[in-house]
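What you see is a predicted model, and the numbers here were worked out from it, not measured in a lab. We use all heavy atoms of the structure for the numbers below, so side chains are in, but hydrogens, waters and symmetry mates are not.
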Amino acid sequence: MGELLTATHNFGVAPTRGTSAADTFKAALYLTSATINAATTVYSATGEVSGTNYSAGGITVTNGTAPIATNSSATAGVAYWTSSASFVYTNVTLSTAFDTVLLYNSTQSNKAVSVHTFGSQTITAGTFTLTMPSNTTTTALLRLSTT
């Protein structure tokens, strides 16, 4: 969380760290046996899935939604962000069970942003989609609050 508060990760287009360009974020999938959790600080290929049409490092996240910050009595200082598109892995075969996605910043030395788990999956010659939640103060993928 500290890196979110120190502008290590630039999700938007507002000038941060002397640049006006947003960073590039990626989403990598991990096996159920992998140790990817809140203590994960950087992307690693260890424990990452492998299979047909899956590239090590995962997919590039569509980041057209700038972070939003509120400061009203109803939301009490919430900052939030959700990618502008779902995470889609097209025509993949991943026959070993996986259950985790790591969102990381490839612009900033592959630093981890967040880890999300879901039910164990396998897929054969299909499309695997992680549908993103609505970009609101209560459902966004990343939410920081002063409450």
Side-chain angles (χ1 to χ4, degrees), residues 1-70 75 78-145 147:
M1 179 173 90
E3 290 175 348
L4 291 173
L5 299 174
T6 61
T8 297
H9 306 294
N10 186 4
F11 290 94
V13 294
T16 305
R17 298 183 323 267
T19 179
S20 61
D23 290 342
T24 299
F25 295 89
K26 293 192 172 188
L29 297 172
Y30 286 85
L31 303 170
T32 55
S33 60
T35 306
I36 302 294
N37 53 39
T40 301
T41 60
V42 68
Y43 162 79
S44 169
T46 303
E48 186 175 7
V49 300
S50 63
T52 304
N53 294 325
Y54 180 89
S55 298
I59 59 166
T60 300
V61 172
T62 303
N63 186 25
T65 305
I68 300 169
T70 64
T75 56
V78 176
Y80 57 98
W81 173 87
T82 295
S83 66
S84 56
S86 294
F87 299 169
V88 180
Y89 304 83
T90 306
N91 194 28
V92 293
T93 296
L94 305 171
S95 56
T96 306
F98 60 96
D99 68 352
T100 304
V101 64
L102 170 69
L103 178 64
Y104 69 96
N105 187 336
S106 65
T107 305
Q108 296 297 317
S109 304
N110 294 331
K111 291 184 179 185
V113 174
S114 60
V115 174
H116 306 271
T117 58
F118 43 86
S120 179
Q121 307 286 316
T122 59
I123 188 166
T124 302
T127 296
F128 179 70
T129 302
L130 288 168
T131 303
M132 292 298 103
S134 299
N135 195 32
T136 70
T137 58
T138 57
T139 60
L141 188 63
L142 301 177
R143 298 181 307 271
L144 299 173
S145 175
T147 59

Under a 4.5 Å cut-off applied to non-hydrogen side-chain atoms, are [X] and [Y] in contact?
X	Y	result
Thr122	Ser95	no
Asp23	Gln108	yes
Thr93	Asn53	no
Asn105	Asn110	no
Phe118	Val101	yes

### Query
So Ser50 and Glu48, side chain to side chain contact (heavy atoms under 4.5 Å, CB included) or not? Walk me through it.
CA-CA 7 Å; Ser50 63; Glu48 186 175 7; over 6 Å; no

### Query
Considering all heavy atoms of both residues, which atom of Thr40 and which atom of Val115 are nearest to each other, and what is their separation?
CB-CG2, 4.4 Å

### Minimum-distance pair of heavy atoms, taken over all atoms of Ala112 and Leu102
CB-CD1, 3.8 Å

### Query
Within the side chain of Ser120, is there an N or O that forms a donor-acceptor pair under 3.5 Å with the backbone of Asp99?
no

### Query
Backbone N or O of Gly57 within a donor-acceptor pair of the Tyr43 side chain at under 3.5 Å?
yes

### Task
Give the intermediate values and the outcome of side chain to side chain contact (heavy atoms under 4.5 Å, CB included) for residues Phe25 and Thr60.
CA-CA 6 Å; Phe25 295 89; Thr60 300; over 6 Å; no

Would you give the length of the straight line joining atom [atom1] of [X] to atom [atom2] of [Y], rounded to the nearest 0.5 angstrom?
X	Y	atom1	atom2	result
Ser109	Tyr104	OG	OH	12.0 Å
Thr52	Ile123	OG1	CD1	11.5 Å
Ile36	His116	CD1	NE2	12.5 Å

### Summary
The side-chain contact (heavy atoms from CB on, under 4.5 Å) partner of Phe87 among Leu103, Leu29, Thr129 is Leu103

### Test side chain to side chain contact (heavy atoms under 4.5 Å, CB included) applied to Tyr54 and Leu94, step by step
CA-CA 8 Å; Tyr54 180 89; Leu94 305 171; 3.8 Å; yes

### Task
Before giving the answer on side chain to side chain contact (heavy atoms under 4.5 Å, CB included), spell out for Val92 and Thr127 the whole-Å C-alpha distance, their side-chain angles and the decisive distance to 0.1 Å.
CA-CA 6 Å; Val92 293; Thr127 296; over 6 Å; no

### Task
Show your reasoning for whether ring pair (Phe, Tyr, Trp, His ring centres under 6.0 Å) applies to Phe98 and Phe128.
CA-CA 11 Å; Phe98 60 96; Phe128 179 70; 5.0 Å; yes

